[in-house]
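Here the structure comes first, spelled out in structure tokens, and everything after it is commentary.
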Amino acid sequence: MMIWWRKMAEFLERYILLKNQSLMLKLVVFSSFLVILPVLSVGVISYYRSAVELENVLRQSSGQVIDQVESHIEYYLQDFEITSLKLINSPDISSLLKLKSSENKDIFIEQTRNTLKEAEYSRADISNITIILDNNQVIDTLGKRNFYPAVKMKEEYWYSSVPLNGMSMLVMRKLKLENKEQPVISLVRRLYNPQTLLPVGMLIIDINFRRIEEISNKVTISKNGYFFILDANGHYVYHPDYLKLGKKVEFKQLLNLKKEGNSTEILENERKDFVTYTFSPNLGWRFLSAVPYRDLTGGIIQIEKAISLTIFVSLIIAYLIGFGFATSIIRPIRRLQHFMKEVEIGKLNGRVRVASNDEIGQLTAGFNNTVEKLSHLLEEVYISKLREAEMSLKQKEVELKMLQSQMNPHFLYNSLETIRGMALEQNQENIATMSSALGKLLRYNLNNHSSTVSFREEMNFCEMYLQIQKFRFDDRFEYMFDIPHWVMELKVVKFSLQPIVENCFVHGYGSTTRKLKIMISVYRQSESSFVIRIFDTGKGIEESILEAVNKRIALKTTTSDGENIGIVNVNQRIHYLFGEEYGITIQSELGSGTEILIHLPILDHYVEGGRE
């Protein structure tokens with residue numbers, strides 16, 4: 001997970017923040033974004049808001065238009081309802097319907113035909129009126145111009161479904177004339193004998209599309225739109241393309257429209273029509289208008305073009321302004337950069353021209369002053385270098401003594417506290433032994449002012465320290481030595497083993513109850529060096545802490561809180577006395593113990609302040 005975050009951070013710095021790119025490129029790119037992002041945000045928001053508002057307005061206006069069309073056509077067809085009732089109740093037709101089948105009907109038929117013709121001539125939108133009696137007697141206004149036998153209408157799908165309660169029904173038909181077929185909407189109604197109330201025939205009024213076409217031409221919102229009507233079964237009642245009349249609608253999406261109020265749909269056809277529709281419960285028809293969606297979004301496209309043009313022009317202006325602005329900033333910075341490279345190779349005589357009083361000008365002037373002061377300081381350094389060389393030896397001695405004085409006082413505090421606790425609890429001889437050992441340790445540290453001692457002396461001092469700790473921890477720890485005789489008289493740094501052994505107690509005890517074991521051994525590393533190995537079986541050191549300790553050893557620094565000061569102190573004194581190639585290394589694993597190796601040279605004689 002950390003690797004993924006690191007890669008993501010590197011990607012952002014490199015490609016988004018342009019970490020390694022020139023300042024000129026950064027200024028131009030960022031200034032461009034400052035223009036593009038606001039303009040693009042405003043443009044996108046405006047575009048979508050305009051599209052939503054335009055579509056809402058279109059839905060509302062289309063719904064109102066369709067509602068008006070529905071009402072108008074309902075009223076229009078209701079006129080034919082009235083016309084049909086007038087015809088049925090006219091004296092001639094009423095007399096005809098009262099006749100019995102055995103009576104002579106010729107006179108009444110002619111009178112009825114005249115009545116039908118008068119009704120047809122009174123309205124231009126009536127193409128034909130037909131009465132079919134049950135004895136197959138046909139009376140119509142077309143006469144010989146009708147090339148479709150009226151008797152065949154009894155075989156059509158709608159004939160048997162005409163209501164028996166005297167209500168009318170609207171059906172889609174085609175009149176067959178001599179040279180053409182004329183699509184019509186037929187209003188059909190059953191005829192009854194006024195005396196017996198038995199059905200005796202059918203009245204058919206054929207209505208042409210003249211008036212409906214006039215309404216359709218006023219409904220369409222776009223020049224590419226059209227108006228059409230579907231019946232309850234999804235057949236075209238009206239469509240500008242007369243070839244579709246009577247056929248079932250080809251889009252299944254239009255068969256499942258809701259049957260209340262008005263609404264809109266996006267028809268998924270080739271041109272993606274915006275369809276507004278309403279349902280007439282009186283007629284059982286759906287009235288629909290279809291407009292290509294692209295015709296409605298023409299204004300939005302213009303907005304889109306205007307926004308794109310604005311962004312393009314703004315980008316060019318941003319680049320020009322950004323380039324000019326970046327050049328005014330970068331030019332003095334590049335002059336300063338060029339002069340800095342000359343200073344790096346030691347040319348301190350030149351100066352950078354200060355062209356302005358802004359921050360860059362002040363930075364340039366400050367750098368000029370710095371270079372001038374640096375030139376003077378180099379002269380002073382050269383003069384003081386000899387003096388510094390003379391004082392270096394004395395300074396090293398002072399540093400050694402200062403480092404020696406930094407010994408951790410924890411040992412003394414712990415020892416005295418142990419003695420005090422034992423004295424309070426009970427009077428035992430081991431208290432005297434412990435006090436004696438502590439006195440020897442103090443005398444060893446205070447009386448011997450030499451920086452180095454023999455390994456025998458240092459080992460005796462370390463063993464006294466371990467004996468005191470044995471009184472303190474009793475059987476919770478044990479120690480052992482593996483020391484060859486040849487190392488006893490070799491020179492080691494004074495007070496170098498005890499601080500490291502002390503760390504075994506300070507940092508070795510953990511939550512575990514197992515016994516702490518400390519082993520001190522010595523082995524030869526080469527003809528001119530040997531190693532003191534101090535190993536404990538304590539809790540070990542965490543990896544992060546071990547890295548921090550090794551870093552302090554490498555940098556030769558201690559911490560303000562005094563942690564690991566003994567190890568760092570010993571390592572510094574080894575470097576000062578024997579050289580950088582010697583010192584301390586630490587190896588540890590959490591839960592497995594710690595191993596500390598002290599690398600020292602094999603020197604039989606050592607003169608204070610240098611090797612003999």
Q: Could you check I212, I229, V171 and say which one makes a side-chain contact (heavy atoms from CB on, under 4.5 Å) with V237?
A: I229
Side chain [X], main chain [Y], donor-acceptor under 3.5 Å:
X: Y192; Y: L164; result: yes
X: S94; Y: P91; result: no
X: T141; Y: I129; result: yes

Close side-chain approach of [X] to [Y], heavy-atom, < 4.5 Å:
X: L77; Y: L187; value: no
X: L283; Y: E74; value: yes
X: Y236; Y: E250; value: yes
X: E265; Y: Q253; value: yes
X: I131; Y: I93; value: yes
X: K248; Y: N233; value: no
X: L142; Y: L177; value: yes
X: F228; Y: L254; value: yes

Q. Among all residues two or more places apart in sequence or in another chain, which pass the side chain to side chain contact (heavy atoms under 4.5 Å, CB included) test with I204?
A. T130, I132, M153, W158, R173, S186, V188, M202, D206
(Q) If we count only N and O atoms by modelled type, under 3.5 Å, do the side chains of D92 and T112 hold a donor and an acceptor together? (A) no
Q. How would you list, by chain and number, every residue that makes a salt bridge (Lys or Arg N to Asp or Glu O under 4.0 Å) with R210, sequence neighbours excluded?
A. none
(Q) Pair L590, E543 - check side-chain contact (heavy atoms from CB on, under 4.5 Å), show working. (A) CA-CA 8 Å; L590 195 63; E543 184 176 355; over 6 Å; no
Drop me the distance from [X]'s [atom1] to [Y]'s [atom2], to the nearest 0.5 angstrom.
X: M169; Y: R189; atom1: CE; atom2: CZ; answer: 11.5 Å
X: I109; Y: L133; atom1: CD1; atom2: CG; answer: 7.0 Å
X: L96; Y: Q111; atom1: CG; atom2: CD; answer: 9.5 Å
X: E120; Y: S127; atom1: CD; atom2: OG; answer: 7.5 Å
X: L230; Y: F287; atom1: CG; atom2: CZ; answer: 10.0 Å
X: R286; Y: D231; atom1: CZ; atom2: CG; answer: 9.5 Å

Closest approach of [X] to [Y] (non-hydrogen atoms, all atoms of both residues):
X: M172; Y: P183; answer: CE-CB, 3.6 Å
X: N208; Y: I126; answer: ND2-N, 4.1 Å
X: L267; Y: V275; answer: CB-CG2, 3.7 Å
X: K154; Y: D134; answer: NZ-O, 3.7 Å

Q: Kindly assign one of parallel, tilted or perpendicular to the pair Y226 and H239, based on the angle between their ring planes and the thresholds 30° and 60°.
A: tilted
(Q) The test is side-chain contact (heavy atoms from CB on, under 4.5 Å); show your working for L288 and F227 and say whether it passes. (A) CA-CA 6 Å; L288 306 98; F227 170 77; over 6 Å; no
Q: Under the side-chain contact (heavy atoms from CB on, under 4.5 Å) rule, what do Q182 and N128 come out as? Steps first, then yes or no, please.
A: CA-CA 11 Å; Q182 182 182 10; N128 184 32; over 6 Å; no
Q.
Show me the pairs that pass ring pair (Phe, Tyr, Trp, His ring centres under 6.0 Å) and involve residues 51-81, at least two apart or across chains.
A. Y76-F80
Q: Step through the shown structure and confirm whether more than 12 heavy atoms of other residues, nucleotides or ligands are within 6.0 Å of CD on E156.
A: yes
Q) Between T115 and L87, does a side-chain contact (heavy atoms from CB on, under 4.5 Å) hold up when you go through it step by step? A) CA-CA 8 Å; T115 301; L87 289 174; 4.1 Å; yes
